[in-house]
Amino acid sequence: MSKGKPVPHPAPESEPYWQAAKEHRLELPRCNACGQFWFPPSQSCPHCLAADFAFAPVSGHGKVFSFVTFHRVYHPAFEQEVPYVVALVELAEGPRLLSNIVGVPPDKVACEMPVKVVFDDVADEVSVPKFTPA
Amino acid sequence: MVEPSRELRDICAIVGAGNSRLGRVPGVSSLDLLVEAMRNAIGDAGLKVSDIDGIVCRGPDESYCHHQRVGERLGINARFSTTLDNGGASQILAVALATMAIKAGLATTVICGYGRDAWSRTHVTEEARVRNETRPESLRAQEFGPEYGYFGAVAAHAFGATRHMHLYGTTREHFGHVAVAFREHALRNPGAQMKKPLTLAQYHEAQPIVAPFGLFDCSLRSDAAGAVIVTSRERARDLRQPAVSIKGFGSYNNLTGWFTGDNMVTTAAKQSGEAAYKMAGVGPSDVSCAQLYDCFTYMVVAQLEDYGFCKKGEGGPFVASGALRMGGRLPTNTSGGQLSEAHAEGVLQVVEGVRQMRHTYPAERQVKDAEIALISGHGGNQVCHSTLILGRA
(Lines give C-alpha, C1' and ligand atoms only; values in the text may rest on other atoms or scores of the structure.)
Protein backbone atom coordinates (compact mmCIF):
# COMPACT_ATOMS: atom_id res chain seq x y z
CA MET A 1 0.00 0.00 0.00
CA SER A 2 1.22 3.47 -0.80
CA LYS A 3 -0.28 6.20 1.30
CA GLY A 4 -1.10 9.56 -0.26
CA LYS A 5 0.18 8.72 -3.72
CA PRO A 6 -1.88 9.88 -6.66
CA VAL A 7 -4.30 7.15 -7.70
CA PRO A 8 -5.42 6.88 -11.31
CA HIS A 9 -8.43 8.97 -12.29
CA PRO A 10 -9.23 7.23 -15.56
CA ALA A 11 -10.50 8.91 -18.66
CA PRO A 12 -13.74 7.17 -19.77
CA GLU A 13 -11.92 5.26 -22.52
CA SER A 14 -9.47 3.68 -20.04
CA GLU A 15 -12.04 2.35 -17.56
CA PRO A 16 -11.79 -1.24 -18.93
CA TYR A 17 -7.98 -1.13 -18.60
CA TRP A 18 -8.19 -0.24 -14.90
CA GLN A 19 -11.05 -2.68 -14.28
CA ALA A 20 -8.88 -5.52 -15.65
CA ALA A 21 -5.86 -4.30 -13.65
CA LYS A 22 -7.98 -4.42 -10.49
CA GLU A 23 -8.42 -8.13 -11.23
CA HIS A 24 -4.68 -8.43 -11.91
CA ARG A 25 -5.02 -8.82 -15.64
CA LEU A 26 -3.21 -6.65 -18.19
CA GLU A 27 -5.61 -5.90 -21.04
CA LEU A 28 -5.19 -3.40 -23.86
CA PRO A 29 -7.45 -2.30 -26.68
CA ARG A 30 -7.00 -4.47 -29.78
CA CYS A 31 -8.32 -3.59 -33.21
CA ASN A 32 -10.77 -6.06 -34.73
CA ALA A 33 -9.92 -4.77 -38.21
CA CYS A 34 -6.10 -4.84 -38.24
CA GLY A 35 -5.46 -6.98 -35.16
CA GLN A 36 -2.99 -4.60 -33.52
CA PHE A 37 -2.88 -3.54 -29.89
CA TRP A 38 -2.46 0.10 -28.88
CA PHE A 39 -1.93 2.25 -25.82
CA PRO A 40 -3.09 4.50 -24.22
CA PRO A 41 -6.72 3.45 -24.70
CA SER A 42 -8.85 5.47 -27.12
CA GLN A 43 -12.04 4.97 -29.11
CA SER A 44 -10.40 4.23 -32.46
CA CYS A 45 -7.32 2.36 -33.64
CA PRO A 46 -4.37 4.74 -34.22
CA HIS A 47 -2.97 2.26 -36.78
CA CYS A 48 -6.00 2.03 -39.11
CA LEU A 49 -8.65 4.36 -37.55
CA ALA A 50 -11.19 1.54 -37.23
CA ALA A 51 -13.59 2.00 -34.34
CA ASP A 52 -14.24 -1.76 -33.97
CA PHE A 53 -12.13 -2.97 -31.06
CA ALA A 54 -12.18 -4.89 -27.80
CA PHE A 55 -9.95 -5.05 -24.76
CA ALA A 56 -7.86 -8.24 -24.93
CA PRO A 57 -5.21 -9.76 -22.65
CA VAL A 58 -1.50 -9.35 -23.44
CA SER A 59 1.32 -11.61 -22.31
CA GLY A 60 2.56 -9.20 -19.65
CA HIS A 61 6.10 -9.71 -20.95
CA GLY A 62 8.25 -7.01 -22.45
CA LYS A 63 11.55 -5.20 -22.20
CA VAL A 64 12.79 -1.88 -20.89
CA PHE A 65 12.92 0.59 -23.79
CA SER A 66 14.31 3.38 -21.62
CA PHE A 67 14.19 4.42 -17.97
CA VAL A 68 14.99 7.19 -15.51
CA THR A 69 15.74 7.23 -11.79
CA PHE A 70 13.99 9.84 -9.66
CA HIS A 71 16.21 11.26 -6.94
CA ARG A 72 14.25 14.46 -6.51
CA VAL A 73 10.96 14.41 -4.60
CA TYR A 74 8.37 16.03 -6.86
CA HIS A 75 5.42 14.89 -4.78
CA PRO A 76 5.55 14.45 -0.99
CA ALA A 77 4.08 10.93 -1.18
CA PHE A 78 7.23 9.71 -2.91
CA GLU A 79 9.64 11.01 -0.25
CA GLN A 80 10.32 7.51 1.11
CA GLU A 81 10.58 5.99 -2.37
CA VAL A 82 13.56 7.86 -3.85
CA PRO A 83 15.55 6.72 -5.66
CA TYR A 84 12.94 4.91 -7.74
CA VAL A 85 12.83 3.89 -11.38
CA VAL A 86 10.22 4.95 -13.92
CA ALA A 87 10.57 2.98 -17.13
CA LEU A 88 9.06 2.88 -20.57
CA VAL A 89 8.29 -0.82 -21.04
CA GLU A 90 7.80 -2.11 -24.57
CA LEU A 91 5.38 -5.03 -24.41
CA ALA A 92 5.98 -8.12 -26.58
CA GLU A 93 2.79 -7.09 -28.41
CA GLY A 94 4.26 -3.68 -29.33
CA PRO A 95 2.70 -0.92 -27.22
CA ARG A 96 4.85 0.95 -24.69
CA LEU A 97 3.68 1.53 -21.13
CA LEU A 98 5.08 3.89 -18.53
CA SER A 99 5.55 2.08 -15.23
CA ASN A 100 7.87 1.38 -12.30
CA ILE A 101 10.51 -1.34 -12.27
CA VAL A 102 10.35 -3.04 -8.88
CA GLY A 103 12.17 -5.90 -7.16
CA VAL A 104 15.58 -4.81 -8.42
CA PRO A 105 17.94 -2.00 -7.30
CA PRO A 106 17.82 1.06 -9.62
CA ASP A 107 21.46 0.61 -10.64
CA LYS A 108 20.70 -2.88 -12.01
CA VAL A 109 18.03 -1.67 -14.44
CA ALA A 110 19.15 -1.49 -18.08
CA CYS A 111 17.69 -0.83 -21.51
CA GLU A 112 16.48 -4.04 -23.19
CA MET A 113 16.18 -5.83 -19.83
CA PRO A 114 13.37 -8.44 -20.04
CA VAL A 115 10.54 -7.71 -17.61
CA LYS A 116 7.12 -9.08 -16.69
CA VAL A 117 4.07 -7.49 -15.16
CA VAL A 118 3.19 -7.59 -11.46
CA PHE A 119 0.29 -5.79 -9.79
CA ASP A 120 0.54 -3.36 -6.90
CA ASP A 121 -2.69 -3.04 -4.90
CA VAL A 122 -2.36 0.65 -4.13
CA ALA A 123 -5.88 1.10 -2.72
CA ASP A 124 -8.89 -1.07 -1.91
CA GLU A 125 -10.30 -0.92 -5.42
CA VAL A 126 -7.18 0.03 -7.37
CA SER A 127 -4.28 -2.07 -8.66
CA VAL A 128 -1.48 -0.61 -10.72
CA PRO A 129 0.56 -2.67 -13.21
CA LYS A 130 4.29 -2.55 -12.49
CA PHE A 131 7.16 -4.56 -13.91
CA THR A 132 9.90 -6.74 -12.46
CA PRO A 133 12.83 -8.60 -14.08
CA ALA A 134 11.54 -11.64 -15.99
CA MET B 1 6.90 16.12 -52.43
CA VAL B 2 6.33 19.13 -50.23
CA GLU B 3 8.93 21.82 -50.86
CA PRO B 4 9.44 24.85 -48.62
CA SER B 5 8.93 27.98 -50.72
CA ARG B 6 12.11 29.76 -51.75
CA GLU B 7 9.99 32.83 -52.38
CA LEU B 8 10.15 33.49 -48.64
CA ARG B 9 13.96 33.47 -48.55
CA ASP B 10 15.47 36.87 -47.72
CA ILE B 11 12.23 38.83 -48.12
CA CYS B 12 11.97 39.83 -44.46
CA ALA B 13 14.43 40.94 -41.82
CA ILE B 14 14.63 41.20 -38.08
CA VAL B 15 15.19 44.88 -37.35
CA GLY B 16 14.80 45.01 -33.58
CA ALA B 17 15.67 42.71 -30.73
CA GLY B 18 15.36 43.15 -27.01
CA ASN B 19 15.18 41.36 -23.73
CA SER B 20 13.83 42.16 -20.30
CA ARG B 21 15.86 42.01 -17.13
CA LEU B 22 16.81 38.34 -16.76
CA GLY B 23 17.00 35.94 -13.87
CA ARG B 24 15.32 37.02 -10.66
CA VAL B 25 12.93 39.89 -11.20
CA PRO B 26 10.45 39.67 -8.33
CA GLY B 27 7.16 41.51 -8.49
CA VAL B 28 6.93 41.71 -12.27
CA SER B 29 4.39 39.55 -14.12
CA SER B 30 5.28 37.52 -17.19
CA LEU B 31 3.13 39.94 -19.24
CA ASP B 32 5.02 42.98 -18.00
CA LEU B 33 8.37 41.25 -18.60
CA LEU B 34 7.26 40.62 -22.18
CA VAL B 35 6.19 44.24 -22.62
CA GLU B 36 9.56 45.35 -21.19
CA ALA B 37 11.35 43.21 -23.81
CA MET B 38 9.05 44.55 -26.55
CA ARG B 39 9.70 48.17 -25.54
CA ASN B 40 13.42 47.44 -25.72
CA ALA B 41 13.04 45.83 -29.15
CA ILE B 42 11.03 48.78 -30.48
CA GLY B 43 13.63 51.22 -29.12
CA ASP B 44 16.45 49.11 -30.55
CA ALA B 45 14.84 49.26 -34.00
CA GLY B 46 14.26 53.01 -33.80
CA LEU B 47 10.56 52.50 -34.45
CA LYS B 48 7.51 54.10 -32.88
CA VAL B 49 4.96 51.80 -31.22
CA SER B 50 2.43 52.99 -33.79
CA ASP B 51 4.61 51.47 -36.55
CA ILE B 52 3.81 48.00 -35.20
CA ASP B 53 0.76 46.50 -36.89
CA GLY B 54 1.19 42.85 -35.99
CA ILE B 55 1.68 40.79 -32.81
CA VAL B 56 2.49 37.09 -32.68
CA CYS B 57 3.35 35.77 -29.26
CA ARG B 58 2.87 32.92 -26.90
CA GLY B 59 1.21 33.42 -23.57
CA PRO B 60 1.49 31.67 -20.24
CA ASP B 61 -0.45 28.39 -20.36
CA GLU B 62 -3.22 29.80 -18.19
CA SER B 63 -3.76 32.96 -20.26
CA TYR B 64 -6.56 33.24 -22.83
CA CYS B 65 -5.93 35.28 -26.01
CA HIS B 66 -2.66 36.60 -24.64
CA HIS B 67 -1.96 38.74 -27.73
CA GLN B 68 -4.94 40.91 -26.78
CA ARG B 69 -3.38 41.69 -23.43
CA VAL B 70 -0.07 42.50 -25.10
CA GLY B 71 -1.77 44.87 -27.56
CA GLU B 72 -3.64 46.51 -24.70
CA ARG B 73 -0.35 47.10 -22.82
CA LEU B 74 1.35 48.47 -25.95
CA GLY B 75 -1.71 50.58 -26.76
CA ILE B 76 -2.10 49.40 -30.34
CA ASN B 77 -4.60 47.74 -32.60
CA ALA B 78 -3.15 45.19 -35.00
CA ARG B 79 -3.83 44.12 -38.57
CA PHE B 80 -2.60 40.66 -37.67
CA SER B 81 -2.32 39.20 -34.18
CA THR B 82 -2.53 35.82 -32.52
CA THR B 83 -1.17 33.59 -29.76
CA LEU B 84 0.68 30.35 -30.51
CA ASP B 85 0.51 27.04 -28.67
CA ASN B 86 3.59 24.98 -29.56
CA GLY B 87 5.47 25.37 -26.29
CA GLY B 88 9.12 26.20 -26.78
CA ALA B 89 8.75 25.82 -30.54
CA SER B 90 6.35 28.80 -30.60
CA GLN B 91 8.92 31.57 -30.55
CA ILE B 92 10.43 30.70 -33.94
CA LEU B 93 7.01 29.86 -35.37
CA ALA B 94 6.04 33.41 -34.43
CA VAL B 95 8.83 34.79 -36.66
CA ALA B 96 7.79 32.37 -39.43
CA LEU B 97 4.13 33.39 -39.17
CA ALA B 98 5.12 37.07 -39.13
CA THR B 99 7.09 36.56 -42.35
CA MET B 100 4.14 34.80 -43.98
CA ALA B 101 1.73 37.53 -42.86
CA ILE B 102 3.99 40.24 -44.30
CA LYS B 103 4.37 38.32 -47.58
CA ALA B 104 0.57 37.96 -47.70
CA GLY B 105 0.18 41.69 -47.30
CA LEU B 106 -1.69 41.33 -44.02
CA ALA B 107 0.80 43.34 -41.96
CA THR B 108 3.99 45.34 -42.42
CA THR B 109 5.80 45.23 -39.09
CA VAL B 110 5.19 42.40 -36.64
CA ILE B 111 6.49 42.08 -33.09
CA CYS B 112 7.07 38.59 -31.70
CA GLY B 113 8.00 37.58 -28.18
CA TYR B 114 7.58 35.58 -25.04
CA GLY B 115 7.97 36.20 -21.34
CA ARG B 116 7.74 34.15 -18.21
CA ASP B 117 8.05 34.62 -14.45
CA ALA B 118 9.21 31.09 -13.68
CA TRP B 119 11.67 32.06 -10.95
CA SER B 120 9.25 34.24 -9.02
CA ARG B 121 6.35 31.83 -9.48
CA THR B 122 8.30 28.87 -8.09
CA HIS B 123 10.00 30.61 -5.21
CA VAL B 124 7.01 31.98 -3.36
CA THR B 125 6.29 28.85 -1.32
CA GLU B 126 7.25 25.17 -1.29
CA GLU B 127 3.64 24.36 -2.13
CA ALA B 128 3.85 26.59 -5.20
CA ARG B 129 7.01 24.81 -6.29
CA VAL B 130 5.42 21.36 -6.03
CA ARG B 131 2.28 22.52 -7.80
CA ASN B 132 4.32 24.04 -10.60
CA GLU B 133 6.48 20.98 -11.10
CA THR B 134 3.58 18.56 -11.18
CA ARG B 135 1.20 20.79 -13.10
CA PRO B 136 1.95 19.66 -16.67
CA GLU B 137 0.85 16.15 -15.74
CA SER B 138 -2.12 17.18 -13.64
CA LEU B 139 -3.58 19.12 -16.57
CA ARG B 140 -4.16 15.83 -18.36
CA ALA B 141 -6.20 12.86 -17.26
CA GLN B 142 -4.74 11.66 -13.98
CA GLU B 143 -3.42 8.33 -15.18
CA PHE B 144 -0.40 6.68 -16.77
CA GLY B 145 2.12 8.87 -14.96
CA PRO B 146 1.44 10.37 -11.52
CA GLU B 147 0.64 6.98 -9.96
CA TYR B 148 4.19 5.90 -10.84
CA GLY B 149 5.77 9.08 -9.47
CA TYR B 150 6.38 10.33 -13.00
CA PHE B 151 6.35 14.13 -13.09
CA GLY B 152 7.86 16.90 -15.08
CA ALA B 153 9.95 17.73 -18.12
CA VAL B 154 13.26 16.64 -16.56
CA ALA B 155 12.18 13.00 -16.53
CA ALA B 156 10.68 13.14 -20.02
CA HIS B 157 13.96 14.33 -21.54
CA ALA B 158 16.01 12.02 -19.31
CA PHE B 159 14.28 9.08 -21.03
CA GLY B 160 15.80 10.26 -24.31
CA ALA B 161 19.22 10.65 -22.69
CA THR B 162 19.15 7.10 -21.31
CA ARG B 163 18.18 5.68 -24.69
CA HIS B 164 20.87 7.69 -26.50
CA MET B 165 23.50 6.53 -23.99
CA HIS B 166 22.37 2.93 -24.52
CA LEU B 167 22.46 3.10 -28.32
CA TYR B 168 25.59 5.16 -28.87
CA GLY B 169 27.71 5.02 -25.74
CA THR B 170 27.07 8.68 -24.94
CA THR B 171 28.17 9.54 -21.39
CA ARG B 172 27.42 12.06 -18.65
CA GLU B 173 30.88 13.44 -19.32
CA HIS B 174 29.65 14.40 -22.79
CA PHE B 175 26.61 16.17 -21.35
CA GLY B 176 28.96 17.94 -18.95
CA HIS B 177 30.88 19.49 -21.83
CA VAL B 178 27.65 21.16 -22.99
CA ALA B 179 26.95 22.64 -19.55
CA VAL B 180 30.53 23.86 -19.10
CA ALA B 181 30.76 25.47 -22.57
CA PHE B 182 27.51 27.40 -22.12
CA ARG B 183 28.58 28.58 -18.68
CA GLU B 184 31.77 29.97 -20.20
CA HIS B 185 29.61 31.95 -22.61
CA ALA B 186 27.35 33.22 -19.83
CA LEU B 187 30.34 34.60 -17.93
CA ARG B 188 30.99 36.94 -20.88
CA ASN B 189 27.34 38.11 -20.80
CA PRO B 190 26.77 40.65 -18.00
CA GLY B 191 23.00 40.10 -18.16
CA ALA B 192 23.19 36.34 -17.59
CA GLN B 193 21.57 34.75 -14.56
CA MET B 194 24.55 32.52 -13.75
CA LYS B 195 27.66 34.38 -12.63
CA LYS B 196 30.05 31.68 -11.36
CA PRO B 197 32.35 29.40 -13.37
CA LEU B 198 31.41 25.73 -13.74
CA THR B 199 33.95 22.92 -14.05
CA LEU B 200 33.44 19.35 -15.24
CA ALA B 201 34.27 18.19 -11.71
CA GLN B 202 31.50 20.38 -10.28
CA TYR B 203 29.16 19.06 -12.94
CA HIS B 204 29.82 15.48 -11.83
CA GLU B 205 29.54 16.29 -8.11
CA ALA B 206 26.16 18.01 -8.39
CA GLN B 207 23.04 16.44 -6.93
CA PRO B 208 21.17 14.01 -9.17
CA ILE B 209 17.67 15.20 -10.10
CA VAL B 210 16.23 12.52 -12.36
CA ALA B 211 19.13 10.31 -13.46
CA PRO B 212 20.87 10.43 -15.81
CA PHE B 213 20.33 14.18 -15.28
CA GLY B 214 21.92 16.06 -12.43
CA LEU B 215 21.46 19.69 -11.48
CA PHE B 216 23.62 21.16 -14.26
CA ASP B 217 21.91 19.17 -17.01
CA CYS B 218 18.78 21.19 -16.31
CA SER B 219 17.99 24.66 -17.60
CA LEU B 220 17.22 27.56 -15.29
CA ARG B 221 14.06 28.83 -13.72
CA SER B 222 14.04 32.43 -14.82
CA ASP B 223 12.03 35.58 -14.90
CA ALA B 224 12.84 36.47 -18.48
CA ALA B 225 11.44 37.75 -21.75
CA GLY B 226 12.63 38.50 -25.26
CA ALA B 227 11.15 40.07 -28.36
CA VAL B 228 12.07 40.68 -31.98
CA ILE B 229 10.53 42.79 -34.75
CA VAL B 230 10.04 41.49 -38.29
CA THR B 231 9.49 43.70 -41.32
CA SER B 232 10.16 43.62 -45.06
CA ARG B 233 13.75 43.91 -46.29
CA GLU B 234 12.65 47.07 -48.07
CA ARG B 235 11.47 48.80 -44.89
CA ALA B 236 14.46 47.45 -43.01
CA ARG B 237 16.85 49.59 -45.08
CA ASP B 238 15.71 52.83 -43.42
CA LEU B 239 15.97 51.61 -39.86
CA ARG B 240 18.59 52.08 -37.17
CA GLN B 241 20.17 48.62 -36.90
CA PRO B 242 21.98 46.48 -39.45
CA ALA B 243 19.12 44.35 -40.77
CA VAL B 244 19.37 40.62 -40.22
CA SER B 245 17.83 38.60 -43.02
CA ILE B 246 15.36 35.77 -42.42
CA LYS B 247 16.76 33.20 -44.84
CA GLY B 248 14.57 30.27 -43.98
CA PHE B 249 12.51 28.47 -41.40
CA GLY B 250 10.93 25.11 -40.85
CA SER B 251 8.94 23.10 -38.39
CA TYR B 252 8.03 19.52 -37.64
CA ASN B 253 5.82 17.99 -35.00
CA ASN B 254 6.04 14.36 -33.89
CA LEU B 255 2.46 14.39 -32.68
CA THR B 256 2.43 10.61 -32.22
CA GLY B 257 4.47 11.31 -29.10
CA TRP B 258 7.91 11.44 -27.55
CA PHE B 259 7.60 7.82 -26.39
CA THR B 260 6.73 6.52 -29.87
CA GLY B 261 9.18 5.05 -32.39
CA ASP B 262 12.62 6.65 -32.11
CA ASN B 263 11.27 10.16 -31.51
CA MET B 264 13.22 10.60 -28.26
CA VAL B 265 16.54 9.95 -30.04
CA THR B 266 15.96 11.29 -33.56
CA THR B 267 13.88 14.35 -32.82
CA ALA B 268 11.64 16.52 -34.96
CA ALA B 269 14.69 18.79 -35.41
CA LYS B 270 15.66 16.52 -38.31
CA GLN B 271 12.70 17.30 -40.57
CA SER B 272 12.37 20.86 -39.28
CA GLY B 273 16.02 21.49 -40.12
CA GLU B 274 15.77 19.93 -43.58
CA ALA B 275 12.89 22.28 -44.41
CA ALA B 276 14.74 25.33 -43.10
CA TYR B 277 17.97 24.45 -44.94
CA LYS B 278 16.02 24.08 -48.20
CA MET B 279 14.23 27.38 -47.82
CA ALA B 280 17.49 29.13 -46.93
CA GLY B 281 19.57 27.38 -49.59
CA VAL B 282 22.27 26.48 -47.09
CA GLY B 283 23.50 23.35 -45.32
CA PRO B 284 25.11 22.50 -41.98
CA SER B 285 28.62 23.36 -43.20
CA ASP B 286 27.49 26.95 -43.94
CA VAL B 287 26.33 27.59 -40.36
CA SER B 288 28.68 29.83 -38.34
CA CYS B 289 26.91 29.63 -34.99
CA ALA B 290 23.97 27.80 -33.48
CA GLN B 291 21.52 28.92 -30.82
CA LEU B 292 19.83 25.66 -29.81
CA TYR B 293 16.92 25.02 -27.47
CA ASP B 294 18.85 23.72 -24.47
CA CYS B 295 16.19 22.80 -21.95
CA PHE B 296 18.53 19.94 -21.02
CA THR B 297 22.11 19.14 -22.05
CA TYR B 298 21.03 15.99 -23.88
CA MET B 299 18.77 17.96 -26.22
CA VAL B 300 21.81 19.85 -27.51
CA VAL B 301 23.59 16.57 -28.32
CA ALA B 302 20.53 15.17 -30.10
CA GLN B 303 19.90 18.34 -32.10
CA LEU B 304 23.53 18.67 -33.24
CA GLU B 305 23.08 15.24 -34.82
CA ASP B 306 19.59 15.90 -36.17
CA TYR B 307 20.75 19.15 -37.80
CA GLY B 308 23.60 17.30 -39.51
CA PHE B 309 26.54 18.95 -37.71
CA CYS B 310 27.72 15.40 -36.99
CA LYS B 311 26.34 11.90 -37.58
CA LYS B 312 23.64 10.36 -35.41
CA GLY B 313 25.35 8.94 -32.35
CA GLU B 314 28.44 11.16 -32.65
CA GLY B 315 27.07 14.14 -30.76
CA GLY B 316 28.90 13.17 -27.56
CA PRO B 317 32.42 13.16 -29.07
CA PHE B 318 31.45 16.28 -31.09
CA VAL B 319 30.69 18.33 -27.96
CA ALA B 320 33.71 16.86 -26.11
CA SER B 321 35.96 18.16 -28.92
CA GLY B 322 35.25 21.72 -27.80
CA ALA B 323 33.17 22.43 -30.91
CA LEU B 324 30.56 24.49 -29.00
CA ARG B 325 33.02 26.95 -27.45
CA MET B 326 33.94 30.35 -28.86
CA GLY B 327 36.56 29.63 -31.51
CA GLY B 328 35.30 26.06 -31.90
CA ARG B 329 33.82 24.49 -35.03
CA LEU B 330 30.28 25.63 -34.11
CA PRO B 331 30.05 28.18 -31.29
CA THR B 332 26.69 27.40 -29.73
CA ASN B 333 24.43 29.27 -27.30
CA THR B 334 26.89 32.11 -27.26
CA SER B 335 24.99 34.13 -24.64
CA GLY B 336 24.87 31.18 -22.23
CA GLY B 337 21.66 29.53 -23.35
CA GLN B 338 18.83 28.39 -21.15
CA LEU B 339 21.33 26.42 -19.09
CA SER B 340 23.24 29.54 -18.00
CA GLU B 341 21.86 32.83 -19.41
CA ALA B 342 18.12 32.54 -18.68
CA HIS B 343 15.24 30.33 -19.75
CA ALA B 344 12.58 32.09 -21.79
CA GLU B 345 11.43 29.14 -23.88
CA GLY B 346 13.65 29.81 -26.85
CA VAL B 347 13.04 33.49 -27.48
CA LEU B 348 16.45 34.53 -26.14
CA GLN B 349 18.02 32.16 -28.68
CA VAL B 350 16.37 34.22 -31.43
CA VAL B 351 17.57 37.47 -29.83
CA GLU B 352 21.15 36.16 -29.59
CA GLY B 353 21.10 34.89 -33.18
CA VAL B 354 20.12 38.40 -34.33
CA ARG B 355 22.87 40.04 -32.27
CA GLN B 356 25.54 37.68 -33.62
CA MET B 357 24.50 38.52 -37.20
CA ARG B 358 24.80 42.26 -36.53
CA HIS B 359 28.51 42.01 -35.70
CA THR B 360 28.17 44.69 -33.04
CA TYR B 361 29.38 42.66 -30.05
CA PRO B 362 32.78 43.24 -28.45
CA ALA B 363 35.33 40.75 -29.80
CA GLU B 364 35.11 38.35 -26.87
CA ARG B 365 31.39 37.76 -27.46
CA GLN B 366 31.36 37.93 -31.26
CA VAL B 367 31.59 34.74 -33.32
CA LYS B 368 34.29 35.74 -35.80
CA ASP B 369 33.09 36.29 -39.38
CA ALA B 370 29.66 34.85 -38.55
CA GLU B 371 27.49 34.81 -41.66
CA ILE B 372 24.73 32.30 -40.88
CA ALA B 373 23.01 31.52 -37.56
CA LEU B 374 20.82 28.47 -36.99
CA ILE B 375 18.29 28.77 -34.17
CA SER B 376 16.01 26.07 -32.82
CA GLY B 377 12.84 25.85 -30.77
CA HIS B 378 11.56 22.71 -29.08
CA GLY B 379 8.62 22.03 -26.83
CA GLY B 380 4.98 21.05 -26.58
CA ASN B 381 5.59 17.82 -24.65
CA GLN B 382 8.93 17.38 -26.43
CA VAL B 383 7.46 16.81 -29.88
CA CYS B 384 7.10 20.25 -31.51
CA HIS B 385 10.15 21.71 -33.22
CA SER B 386 10.93 24.83 -35.22
CA THR B 387 14.05 26.13 -36.96
CA LEU B 388 15.10 29.62 -38.02
CA ILE B 389 18.06 30.45 -40.23
CA LEU B 390 19.32 34.02 -40.16
CA GLY B 391 21.99 35.68 -42.28
CA ARG B 392 23.79 38.96 -42.72
CA ALA B 393 21.64 41.21 -44.89
Side-chain angles (χ1 to χ4, degrees), chain A residues 2 5-15 17-18 21 38-41 46 64-79 81-90 95-102 106-107 109-113 120 122-123 126-131, chain B residues 122 126-127 129-170 206-215 217-218 255-265 296 298:
Chain A
S2 41
K5 285 185 186 167
V7 289
H9 290 283
E13 56 269 29
S14 7
E15 293 279 5
Y17 173 88
W18 291 111
W38 75 85
F39 192 83
V64 172
F65 182 80
S66 190
F67 68 99
V68 300
T69 307
F70 275 76
H71 292 266
R72 179 153 193 179
V73 178
Y74 283 80
H75 187 294
F78 290 88
E79 198 163 1
E81 306 280 328
V82 290
Y84 60 92
V85 172
V86 178
L88 188 64
V89 172
E90 185 171 289
R96 294 175 187 166
L97 272 60
L98 202 71
S99 189
N100 296 126
I101 304 295
V102 296
D107 62 353
V109 178
C111 290
E112 312 300 338
M113 188 170 96
D120 185 0
V122 298
V126 186
S127 294
V128 170
K130 296 187 175 178
F131 288 82
Chain B
T122 54
E126 177 65 8
E127 191 253 338
R129 182 188 71 78
V130 169
R131 190 175 62 233
N132 180 68
E133 291 190 342
T134 55
R135 183 184 50 81
E137 301 306 320
S138 64
L139 284 175
R140 301 181 211 133
Q142 301 264 329
E143 57 180 341
F144 313 132
E147 66 272 39
Y148 298 113
Y150 175 71
F151 303 104
V154 185
H157 291 85
F159 269 105
T162 301
R163 186 73 188 166
H164 198 278
M165 293 163 92
H166 167 72
L167 291 174
Y168 305 116
T170 312
Q207 54 171 305
I209 305 293
V210 180
F213 289 158
L215 183 65
D217 292 295
C218 304
L255 304 182
T256 50
W258 181 243
F259 286 161
T260 299
D262 289 320
N263 293 347
M264 67 171 70
V265 169
F296 301 95
Y298 160 66

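Proteins come first, then strands; the chains are lettered A, B, ... in the order of their sequence lines, and each starts at number 1. Below, all heavy atoms of this structure are taken into account, side chains as well, without hydrogens, waters or symmetry copies.
Going from atom CZ of F259(B) over to atom CG of L97(A) covers 11.0 Å, rounded to the nearest 0.5 Å. Note that CZ of F131(A) and OH of Y148(B) are 7.5 Å apart. Values are rounded to the nearest 0.5 Å. In this structure, L88(A) CG and W258(B) CH2 are separated by 12.0 Å, a value rounded to the nearest 0.5 Å. Annotation: the span from R72(A) atom CZ to L215(B) atom CG amounts to 8.0 Å, rounded to 0.5 Å. The line from NE2 of H9(A) to CD of E147(B) is 10.0 Å long, rounded to the nearest 0.5 Å. With rounding to the nearest 0.5 Å, the separation of CD1 in I209(B) from OH in Y74(A) is 6.5 Å.
Residue P95(A) does not touch chain B at all, counting heavy-atom pairs closer than 4.5 Å. Both the backbone and the side chain of F67(A) come within less than 4.5 Å of a heavy atom of chain B. Proximity to chain B (any heavy atom under 4.5 Å) is restricted, for A87(A), to the backbone atoms N, CA, C and O. F65(A) touches chain B through backbone and side chain together, each having a heavy atom under 4.5 Å away. For T256(B), no part sits under 4.5 Å from any heavy atom of chain A, backbone or side chain. Only the side chain of M264(B) comes within less than 4.5 Å of a heavy atom in chain A; its backbone stays farther off. With a 4.5 angstrom heavy-atom cutoff, V7(A) touches chain B only via backbone atoms.
The aromatic rings of F78(A) and F151(B) stand perpendicular to each other, their planes meeting at an angle above 60°, with 30° marking the opposite boundary.
Scanning both residues, G261(B) and R96(A), for their nearest heavy atoms gives O-NH1, 2.8 Å. P6(A) and P146(B) get closest at one heavy-atom pair: CG-O, 3.6 Å. Heavy-atom minimum distance, F159(B) versus V86(A): CZ-O, 3.4 Å. When every heavy atom of T162(B) is checked against every heavy atom of S66(A), the shortest pair comes out as CB-OG, 3.3 Å. For the pair F144(B) and S14(A), the tightest heavy-atom approach, listed with the atom from each and the gap, is CZ-CB, 3.9 Å.
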Query - Verdict with supporting geometry, Y17(A) and E143(B), side chain to side chain contact (heavy atoms under 4.5 Å, CB included) - result: CA-CA 11 Å; Y17(A) 173 88; E143(B) 57 180 341; 5.7 Å; no

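A donor-acceptor pair is defined here as one N or O able to donate and one able to accept, closer than 3.5 Å; no such pair exists between the side chain of Y150(B) and the backbone of L98(A).
Interface remark: of the candidates A211(B), A161(B), G214(B), A211(B) forms the most heavy-atom pairs closer than 4.5 Å to chain A.
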